[in-house]
Each structure stands twice: as structure tokens, then as C-alpha cells.
Amino acid sequence: MKQQYTALEKGIITDLMDLSLQHGPVEIQLTAETEDTGDFAPAIIVRTAPDGVLRGLTEDDRIADMAMEYGELHITPAGEGLAGAFMEPNIKPFLDFMAQQSERRPLITDKDLDSWTWEAIEEIAASGKAPQVLGLGAFKHFTLKDGQTLKARVIGFNHDKLADEQGVAPITWELVTTLADERAMNSSNTNATSWEGSDLRAWLNGELWDLLPDDMKAVIKPVVKQTSAGGKSQEIKETVDRLFIKSERELTGRCFYSVPGEGHQYALYAAEGVSWAMKDPVGENAWPWLRSPNASNATRFCYVSSDGTPYNTSGASVTYGVAFGFCV
């Protein structure tokens, strides 16, 4: 293996490492003419994850030429000293297409973050690299002050509007299972309170909030959530929440029983193969609440049935599962 690399080679290696960091493992295959043959510049074939997008080779100095052949991206090092824009017009549609595919088919992982502190996760969030370093589905366990251990996973990036109007929260999390105890949305059988005035919201952001570990509370960012006013109203109200439950739209991307305008679908739930169903802590089927009032009824809120189908209840005073979300 070579012990010394030219500036050109270092540039290419750096770009390939950058690509791997952002989009998963990179397979590098050299063509047959890879041995040192004087002035000949061997070609390099790079295969990335399906939604990989090449970046970093668009510097002022041209360090490589690219070509697509049979679904493979071929990178051929340019001679040292060559300068100028190498990005030909015909490659831009390809990069745009790959970027769109990345948005439609986000990277799903099962990365264990239990060895990470919440402070370290917040630092990654602040760096802007959370989608690349963590990935959707990355999970972490935490223990409430009453001894209950919960598991949360990443369901979205740069999704929820920060309450301080400083942009969007880098990472949105949600419990993987419902809490041990089911709860009613309201003690009385009405949705006219909306999510804003519901008993469940008050409990989550009061009693349950106090049970969270202090290091976790220190990094949670209040965000703005949109929910209909309830009572068959089409009005959308905004609340500021540290802990929340998702709306029907945030889960499914559609409004089966709810009013339009309650946010947009989280990336994890838009991904192929990800179930909308949920279990309770002992592995039994759960029926978790959604914060959406029923659009055509003054007593019901939406929930998710045991098979993952969105539905609406017989009334707000019925007890169902609770799987809260939060942002870092």
C-alpha cells in the first residue's frame, strides 16, 4: 500500500470518506488497469447506498471526471493542475434526481445510541450532521425517575418548528412502545378542548415531564404543533410543547378523520416497510392516541388500531396507549 499520496489522491480519498459518512458504506472497485503504469490514470468505480449522493467533488479545482454506466458511478482522476468547473450540464439532472430519491427513501438504520449521552446527541444535532451520523430509526433507552425504562427512536430530521423561532428542531424522537399505563384524552367525553386544553397534554407536559431524567430534559427543545380546534371546527390552533403525541397527518401523510393542516408526515413513517402499528411494553398490541380531534364529531379523537390503521374512538374519555414524542 502506498505510504505517500499526492494532493490529488488525498482530495479523492477525502471525498470518498465524506460520501461514506453521509450515505453509508461505499464499495470501491478498481478497474483492471490499476497497477502503476506511468501516466495512465486508472478508473475507480464507486457503489453507494441506493440514495447516495456524491458531494465534495465540486470544488474550484477539477480533481475527477464522472460518468454513469449501467447504474454505476465511474470516477476517473483528472491530471494534476487541471482546473475549472468539471460539472457538466448533463450530470446535474442526475444529482438532482438522486437528491430527490434520498428525500423519498431516507436511510433507515437500527443504530444503538445507548452509549451516547444526551449532550453528545445534542452536539451532533447542532452540527447539522444528524441525518448522516444517526439515521432514521436510531434508538436510545432512558429511565424515568419512577424506574420505568423507555425506548425512543428517531422519526424525523429538521421537521418541527422551534418555539423560539430559530428554525427547526434537528431531531424528532418518539417512543417505540406505548407507556405501561393507558390514559384518557379527557376526563369528559369531548374534543372541544382540542389538543391544547386536553388532560393528556397537561399530564405529559407536567407530571410526566417531571419524571424524565434531568440530562434528557436539558436538551429537549419546545416546538410548535398544529392541531384543529376540535368541536368539528376547521380552525387550526398552535401550541408549544416539550412533549407531544403525533397527529393523524404526521403519521399517515393524509387526513382520514382529521382536519387538514395538522403538520406533515414524519420521514420514518413515510418510509417503505415501516409499520404504523405499535406494541405496549410487554409486546401486546397497543392502540395509541393521536392528538387529532375527529373532524365531523365533537366527542372523538383519532387513534391507531392494533394493525396500524388510523381510526377514531367512541369518545375522548376512553383510555388508550400513549407514545409521546420530543425534539432535540
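All values below were derived from every heavy atom in this structure, side-chain atoms included, with hydrogens, water molecules and symmetry-related copies excluded.
Taken to the nearest 0.5 Å, the NZ atom of K151 stands 8.0 Å off from the CG atom of D112. Taken from SG in C302 to CH2 in W289, the straight-line distance is 9.5 Å, to the nearest 0.5 Å. Separating the CG atom in L134 from the CD1 atom in I171 is a distance of 5.0 Å, to the nearest 0.5 Å. Note that OG1 of T177 and CZ of R153 are 10.0 Å apart. Values are rounded to the nearest 0.5 Å. With rounding to the nearest 0.5 angstrom, the CD1 atom of I124 is 8.0 Å from the NZ atom of K129. Taking CZ of F324 as the reference point, atom CG of L200 lies at 11.0 Å (rounded to 0.5 Å).
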**OP:** Could you please spell out the steps behind the side-chain contact (heavy atoms from CB on, under 4.5 Å) verdict for S228 and I236?
**Re:** CA-CA 4 Å; S228 80; I236 295 295; 4.3 Å; yes
**OP:** List the steps and the verdict of side chain to side chain donor-acceptor pair (under 3.5 Å) for E248 and S258.
**Re:** CA-CA 7 Å; E248 184 183 48; S258 58; 2.5 Å; yes
Subject >> Worked verdict on K279 versus N285 for side chain to side chain donor-acceptor pair (under 3.5 Å) >> reply: CA-CA 5 Å; K279 302 287 187 180; N285 291 334; 2.6 Å; yes
Subject >> Candidate pair T193 and N191, rule side chain to side chain donor-acceptor pair (under 3.5 Å), full reasoning >> reply: CA-CA 5 Å; T193 62; N191 66 22; over 6 Å; no
**OP:** Take L212 and I220 through the side-chain contact (heavy atoms from CB on, under 4.5 Å) test and state the conclusion after the steps.
**Re:** CA-CA 10 Å; L212 294 181; I220 291 179; 3.8 Å; yes
Subject >> Stepwise side chain to side chain donor-acceptor pair (under 3.5 Å) check, D307 with W276 >> reply: CA-CA 8 Å; D307 63 359; W276 296 344; over 6 Å; no
Subject >> side-chain contact (heavy atoms from CB on, under 4.5 Å) between T309 and V304, intermediate numbers included >> reply: CA-CA 6 Å; T309 304; V304 184; over 6 Å; no
**OP:** Report the C-alpha distance between L136 and F157 in whole Å, list the side-chain angles of each, state the deciding distance to 0.1 Å, and finish with yes or no for side-chain contact (heavy atoms from CB on, under 4.5 Å).
**Re:** CA-CA 8 Å; L136 293 171; F157 296 107; 3.7 Å; yes
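Cation-pi geometry between R242 and W209 is met: under 6.0 angstrom from the ring centre, within 45 degrees of the axis.
Considering W287, Y311, Y303 in turn, Y303 is the only one that fulfils the ring pair (Phe, Tyr, Trp, His ring centres under 6.0 Å) rule with Y320. Tested against R291 for a salt bridge (charged side-chain N to carboxylate O under 4.0 Å, His left out), the candidates E250, E196, E262 yield a single pass: E250.
N186 contributes no side-chain N or O that, together with a main-chain N or O of N189, makes up a donor-acceptor pair within less than 3.5 Å. A donor-acceptor contact shorter than 3.5 Å links the side chain of K140 to the backbone of W116. Judged by distance alone, with hydrogens and angles left aside, the side-chain atoms of D199 form a donor-acceptor pair with the main-chain N or O of S187 at under 3.5 Å. Using a distance-only test at 3.5 Å, with no hydrogens or angles considered, a donor-acceptor pair links the side chain of Q265 to the main chain of Y269. Proximity of a side-chain donor or acceptor of D160 to a complementary backbone N or O of A169 within less than 3.5 Å is not detected.
Placement of M185 and W203 within a single hydrophobic cluster is found when ILVMFWY residues are connected by side-chain heavy-atom separations under 4.5 Å, directly or transitively. Under the 4.5 Å side-chain heavy-atom criterion for Ile, Leu, Val, Met, Phe, Trp and Tyr, Y266 and V176 are members of distinct hydrophobic clusters. The hydrophobic cluster containing V274 also contains L251, counting ILVMFWY residues as joined when their side-chain heavy atoms lie under 4.5 angstrom apart, directly or transitively. Residues I108 and W173 share a single hydrophobic cluster, defined by chaining ILVMFWY side chains whose heavy atoms lie under 4.5 Å apart. Cluster membership for F142 and F244, using ILVMFWY side-chain heavy atoms within less than 4.5 angstrom, is shared.
At a threshold of 4.5 Å between non-hydrogen side-chain atoms, the residues T190 and T299 do not count as touching. Using a 4.5 Å heavy-atom threshold, the side chains of V224 and T239 count as separate. Looking only at side-chain heavy atoms (C-beta outward), V154 and T172 stay at 4.5 Å or farther from each other. Counting only heavy atoms from C-beta outward, the side chains of Q166 and K161 never approach each other to under 4.5 Å. Side-chain atoms of V168 and L162, non-hydrogen and from C-beta on, never get closer than 4.5 Å to each other. Using a 4.5 Å heavy-atom cutoff, the side chains of L290 and S247 are not in contact.
Between F326 and W118, the ring planes lie perpendicular to each other; the angle is over 60°, past the 30° to 60° tilted range. In this structure, H264 and H159 have parallel ring planes: the angle between them is below the 30° cut-off, well short of the 60° mark.
Counting non-hydrogen atoms of other residues, nucleotides and ligands closer than 6.0 Å to CG of D181 gives a total of 12 or fewer. Heavy atoms from other residues, nucleotides or ligands lying under 6.0 Å from CD of Q148 number more than 12. A 6.0 Å sphere centred on NZ of K111 holds more than 12 heavy atoms belonging to other residues, nucleotides or ligands.
With respect to the salt-bridge test (charged N to carboxylate O, under 4.0 angstrom), the residues E238 and K225 do not qualify. A salt bridge links K145 with D214: the distance from a Lys NZ or Arg NE/NH1/NH2 to an Asp or Glu carboxylate oxygen falls below 4.0 Å.
For S194 and T227, the side-chain atoms include no donor-acceptor pair closer than 3.5 Å. For the residue pair D280 / T178, no side-chain donor-acceptor distance below 3.5 Å is found, with atom types taken as modelled.
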